[in-house]
Amino acid sequence: MKNILLIESSPRGNDSYSHQAARSIVNELLARNPGAKVVERNLGENPPPHVGLPFIIGMYAAPEQRTPVQAKALALSDMLIDELLAADTIVLAVPMHNFGPPSTLKAWIDHVARAGRTFSYGPNGPQGLVNGKHAILVVASGGVYSAEPMKPFDFTEPYLRAVLAFLGITEVDVVRVAGVANSAIGPEKALATASAQSKQLLAQIA
Ligand SMILES: Cc1cc2nc3c(=O)[nH]c(=O)nc-3n(C[C@H](O)[C@H](O)[C@H](O)COP(=O)(O)O)c2cc1C
């Protein structure tokens, strides 16, 4: 393992449980792979803009045909894609917001899912171009979604698994910081469970 990409998407900074659990995983990966490099993207602090018309028109134009406004709109996308392609392990810290990922992470996905760069259309349909990566999702939520009646409300993990697979990332593990707002669980227990899950996962991969 040489390059780790840490994507943080909570607006809560150091108080964020998903950030705390994801950072523990990254620190452990670093301890086991001392030469590894970490690139950090804090989307909560620096949210990518929503994609707009210049982005969409520029995306379908050859780079030399883009207007300056379109080129600027695509520059961040290119940078985020370069970071993704350079990584071999991607750790995503994800707070559940209204049953799905936060809008900052959705904006990041809109910037990195680009035909010709991260997926292509072939004779057999779309094909992911981001191959050979391992993603670890660290999902924090107020409630617990591992069982009925709440399981069908979890659009976070299934959505992220689907979009990552679309891009070619099929090796995905998930750590849940679940139940931080549940009176029977709370943040301390939820983080302890996440830590145990992380240890188990790291024992398998590193
Ligand atoms: C805007 C917003 C929406 C939320 N929606 C949900 C939700 O749909 N389900 C849930 O279980 N918790 C929800 N929560 C609680 C968060 O998932 C919980 O506070 C979690 O710790 C957030 O991750 P973080 O600590 O990394 O910021 C929401 C919190 C916020 C601020």
Side-chain angles (χ1 to χ4, degrees), residues 4-31 38-51 76 80 83-84 87 89-113 133-165 167 169 171-202 205:
I4 301 165
L5 175 60
L6 171 62
I7 305 282
E8 296 176 312
S9 61
S10 170
R12 300 196 320 114
N14 290 336
D15 290 338
S16 154
Y17 303 126
S18 60
H19 290 195
Q20 289 170 30
R23 279 183 176 269
S24 303
I25 291 172
V26 169
N27 288 340
E28 189 58 34
L29 289 172
L30 274 178
V38 183
V39 171
E40 295 180 15
R41 272 277 154 197
N42 188 328
L43 308 175
E45 234 168 53
N46 292 303
H50 289 146
V51 302
L76 175 62
L80 297 176
E83 286 174 358
L84 179 63
T89 302
I90 303 132
V91 180
L92 292 113
V94 186
M96 180 186 282
H97 282 178
N98 299 310
F99 308 115
S103 57
T104 52
L105 182 56
K106 178 60 168 61
W108 179 84
I109 290 164
D110 292 341
H111 279 74
V112 300
K133 320 276 184 203
H134 177 209
I136 302 172
L137 304 177
V138 182
V139 181
S141 55
V144 178
Y145 294 83
S146 51
E148 297 285 340
M150 293 313 290
K151 198 172 166 57
F153 289 84
D154 178 17
F155 296 93
T156 313
E157 182 180 329
Y159 169 70
L160 291 172
R161 279 185 182 277
V163 81
L164 290 172
L167 299 179
I169 305 172
E171 192 190 344
V172 177
D173 286 295
V174 181
V175 168
R176 304 287 301 225
V177 190
V180 300
N182 178 313
S183 57
I185 303 174
E188 212 173 300
K189 272 194 196 161
L191 281 168
T193 305
S195 168
Q197 284 174 12
S198 304
K199 277 205 182 84
Q200 232 176 9
L201 168 64
L202 288 161
I205 62 170

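When a ligand or atom number is given, it counts from 1 through the structure's own listing order. Please read all numbers here as calculations on a predicted model, not as lab measurements. We use all heavy atoms of the structure for the numbers below, so side chains are in, but hydrogens, waters and symmetry mates are not.
A heavy-atom distance below 4.5 Å is found between the side chains of L92 and W108. A 4.5 Å side-chain heavy-atom check between L29 and I205 finds at least one atom pair inside the cut-off. S18 has its side chain out of reach of V177: every pair of non-hydrogen atoms, C-beta onward, lies at least 4.5 Å apart. Side-chain contact between M96 and Y145 is present, with heavy atoms from C-beta onward closer than 4.5 Å.
Using a 4.0 Å heavy-atom cutoff, Y145 is listed among the residues neighbouring ligand 1.
A donor-acceptor pair under 3.5 Å links the side-chain atoms of Q197 to the main chain of R176, judged by distance alone. No donor-acceptor pair closer than 3.5 Å links the side chain of S195 to the backbone N or O of L191. Judged purely by atom type and a 3.5 angstrom limit, T156 uses its side chain to pair as donor or acceptor with the backbone of F99.
For ligand 1, the atoms closer than 4.0 angstrom to any heavy atom of Y17 are 21 (O), 24 (P), 25 (O), 26 (O). Those atoms of ligand 1 that come under 4.0 Å of a heavy atom in V180, given as number and element, are 18 (C), 21 (O). Of all atoms in ligand 1, listed by their number and element, those nearer than 4.0 Å to a heavy atom of S10 are 24 (P), 26 (O), 27 (O). Each of the following atoms of ligand 1 lies closer than 4.0 Å to a heavy atom of G143: 10 (C), 11 (O). Close approach of ligand 1 to S141 is summarised as follows: ligand atoms under 4.0 Å from at least one heavy atom of the residue are 11 (O), 17 (O). When each atom of ligand 1 is checked for a heavy atom of F99 under 4.0 Å away, the hits are 7 (C), 8 (O). The contact set between ligand 1 and G142, taken as ligand atoms under 4.0 Å from a residue heavy atom, comprises 10 (C), 11 (O), 12 (N), 15 (C), 16 (C), 17 (O), 18 (C).
The 12-atom threshold is exceeded at CD of E148, counting heavy atoms of other residues, nucleotides or ligands nearer than 6.0 Å.
Protein heavy atom at the shortest distance from atom 31 (C) of ligand 1 is H97 NE2, 3.8 Å. The single protein non-hydrogen atom nearest to atom 23 (O) of ligand 1 is P95 CB, 3.0 Å, given as residue, atom name and distance. What sits closest to atom 14 (N) of ligand 1 on the protein, heavy atoms only, is M96 O, 3.4 Å.
Across the listed options M150, E8, Q20, R12, R12 owns the non-hydrogen atom lying nearest to atom 25 (O) of ligand 1. For atom 24 (P) of ligand 1, the nearest non-hydrogen atom from the set P11, A21, S16 belongs to S16.
The distance from the NZ atom of K106 to the NE2 atom of H111 is 11.0 Å, given to the nearest 0.5 Å.
On a distance-only criterion, N98 and ligand 1 share at least one N/O pair closer than 3.5 Å.
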